[in-house]
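Encoded as structure tokens, the structure appears first; notes follow it.
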Amino acid sequence: MVVILKDQAEQKKVKNLTDWLENQGLSVHKVKGQYQTILGLIGDTSKVDIDLIQGLDIVENVKRISEPYKNANRKFHPDDTVIDINGYKIGGGNFQYFAGPCSVESREQILSIARDVKKAGANILRGGAFKPRTSPYAFQGMRAEGLELLLEAKKETGMPIVTEIMDASHLPLFENVDIIQVGARNMQNFELLKQLGRIDKPIFLKRGLSATLQEFLMSAEYIMAEGNQKVILCERGIRTFETATRNTLDLSAVPMLKEMSHLPVVVDPSHACGIARMVKPMAFAAAACGADGLMIEVHNDPAHALCDGPQALTPERFSEVTAGVEKILAAVREAK
């Protein structure tokens, strides 16, 4: 349920209302938007007398939220959430590139790629230290050593880093990581999500292979219900009957998620297609349909990459993508 307050509502009366609602066993989240202030009520609201609240002189309107996701709901938080990552903002009209290799393979590799993607316009460095792989015999990442190399690249370039966590027991290793990624395979690892909800770091949540948008937002809700409101959603392709590409990039999810939720939405065309030559057109399409950012795999030697080489761009090709995306973003802003 949301209680929409009138403009210039007397703060003493707002506090009295908030205290009364909390005494009913409800959790009250105050959201101050550009044009209105909303009290979001979480808990059993079935016994709350809507007419009584509606009759208060500080209340504009009262609405029940039928969807099971509350914190992530656009009705709960009408304005776009903007997440600030060391001065780089995402959401609310701010666009960011998350770029780097699928896996950290060596010191020379990650430092070289970090310099190149920064020069091409990326502000956030991605790289896998812990790698979930379909085969137990495939390269699983450099683990803690890989994290140390990412942090070294961060120190040299000034770029915040995003990397994937596999298990809550690894959290102490992620103390200096700027953004923690939850991969598609862990989207419904609810115990991990609850643990991430208790820390104060942005969480980059990838959509599961066959997850509906409501299931996706319910996973975000697990994080937000624990107190962490810094969630970034990522559309990375879903599994369909099509086999020509690795997955099927669901670009319709971007405007639909924007309608359903206030959270930033990033698109990962690399994992979606699995084919390097497909990344550029799908990145352009993602920018055109309203994405808040792109996550793109970049490798200095894709042919010899230890993980997902066929979908990685060279730094030169990544630079072409960012140049084209900037033109599309300018055209979209002009069209608005």
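Only heavy atoms go into these numbers, but all of them, side chains included; no hydrogens, no water, no symmetry mates. None of the values given here were measured: they were computed from a predicted structure.
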field: Student check: side-chain heavy atoms of Thr314 and Val298 closer than 4.5 Å
entry: no

Between [X] and [Y], does at least one N-O distance fall below 4.0 Å, as a salt bridge requires?
| X | Y | answer |
| --- | --- | --- |
| Glu67 | Lys75 | yes |
| Glu226 | Lys194 | no |
| Lys70 | Glu221 | no |
| Asp292 | Lys89 | no |
| Asp308 | Arg246 | yes |
| Glu297 | Arg126 | yes |
| Asp57 | Lys6 | no |

task: Using the side chain to side chain contact (heavy atoms under 4.5 Å, CB included) rule, take Lys201 and Ile179 through it: C-alpha gap first, then chi angles, then the decisive distance, then the call.
output: CA-CA 6 Å; Lys201 281 184 187 293; Ile179 311 166; over 6 Å; no

Nearest-0.5 Å distance that lies between atom [atom1] in [X] and atom [atom2] in [Y]:
| X | Y | atom1 | atom2 | answer |
| --- | --- | --- | --- | --- |
| Leu147 | Arg143 | CG | CZ | 10.0 Å |
| Phe318 | Tyr97 | CZ | OH | 7.0 Å |
| Ile124 | Ile85 | CD1 | CD1 | 4.0 Å |
| Leu21 | Asn23 | CG | CG | 9.0 Å |
| Asn123 | Tyr88 | CG | OH | 4.5 Å |
| Met224 | Ile203 | CE | CD1 | 11.5 Å |

Heavy-atom closest contact ([X] atom, [Y] atom, distance):
| X | Y | value |
| --- | --- | --- |
| Arg236 | Ala184 | NE-CB, 3.7 Å |
| Ile4 | Ile38 | CG1-CG1, 4.1 Å |
| Gly128 | Thr163 | CA-OG1, 3.8 Å |

- request: List the steps and the verdict of side chain to side chain contact (heavy atoms under 4.5 Å, CB included) for Phe284 and Lys327.
  value: CA-CA 9 Å; Phe284 286 5; Lys327 293 177 182 177; over 6 Å; no

- request: Verify salt bridge (Lys or Arg N to Asp or Glu O under 4.0 Å) between Asp80 and Arg74, making sure each step is shown before the conclusion.
  value: CA-CA 8 Å; Asp80 289 344; Arg74 172 73 72 176; 2.7 Å; yes

If you draw a 6.0 Å radius around [atom1] in [X], do more than 12 non-hydrogen atoms from other residues or ligands fall strictly inside?
| X | atom1 | value |
| --- | --- | --- |
| Tyr222 | OH | no |
| Glu242 | CD | yes |
| Arg198 | CZ | yes |

Would a single hydrophobic cluster contain both [Y] and [X], if residues Ile, Leu, Val, Met, Phe, Trp and Tyr are joined by side-chain heavy-atom contacts under 4.5 Å?
| X | Y | result |
| --- | --- | --- |
| Ile199 | Leu205 | yes |
| Leu17 | Ile42 | no |
| Met187 | Leu213 | yes |

For [X] and [Y], which I'm curious about, is there any donor-acceptor pair between the side chains at under 3.5 Å?
| X | Y | answer |
| --- | --- | --- |
| Thr45 | Arg64 | yes |
| Asp268 | His271 | yes |
| His299 | Glu105 | yes |

task: Start with the C-alpha gap between Arg207 and Asp250, add the side-chain angles, then the distance that decides, and say whether side chain to side chain contact (heavy atoms under 4.5 Å, CB included) holds.
output: CA-CA 10 Å; Arg207 184 181 179 185; Asp250 182 10; 2.9 Å; yes

- prompt: Are the side chain of Thr212 and the backbone of Glu215 linked by a donor-acceptor contact shorter than 3.5 Å?
  reply: yes

task: Without swapping roles, check the side chain of His170 against the backbone of Pro172 for a donor-acceptor pair under 3.5 Å.
output: no

message: Please enumerate all residues that pass side chain to side chain donor-acceptor pair (under 3.5 Å) together with Asp7, with sequence neighbours excluded.
response: none

Sequence neighbours excluded and cut-off under 3.5 Å, please list the side-chain donor-acceptor pairs for residues 111-120, or say none.
from, atom 1, to, atom 2, distance (Å)
Arg115, NE, Glu156, OE2, 2.5
Arg115, NH2, Glu156, OE2, 3.2
Lys118, NZ, Thr157, O, 2.4

- request: Check the angle between the aromatic planes of Phe204 and Phe98 and answer parallel, tilted or perpendicular using the 30° and 60° thresholds.
  value: tilted

- request: With side chain to side chain contact (heavy atoms under 4.5 Å, CB included) as the test, would you mind laying out the steps for Leu193 and Val182 before giving the verdict?
  value: CA-CA 8 Å; Leu193 298 180; Val182 176; 4.1 Å; yes

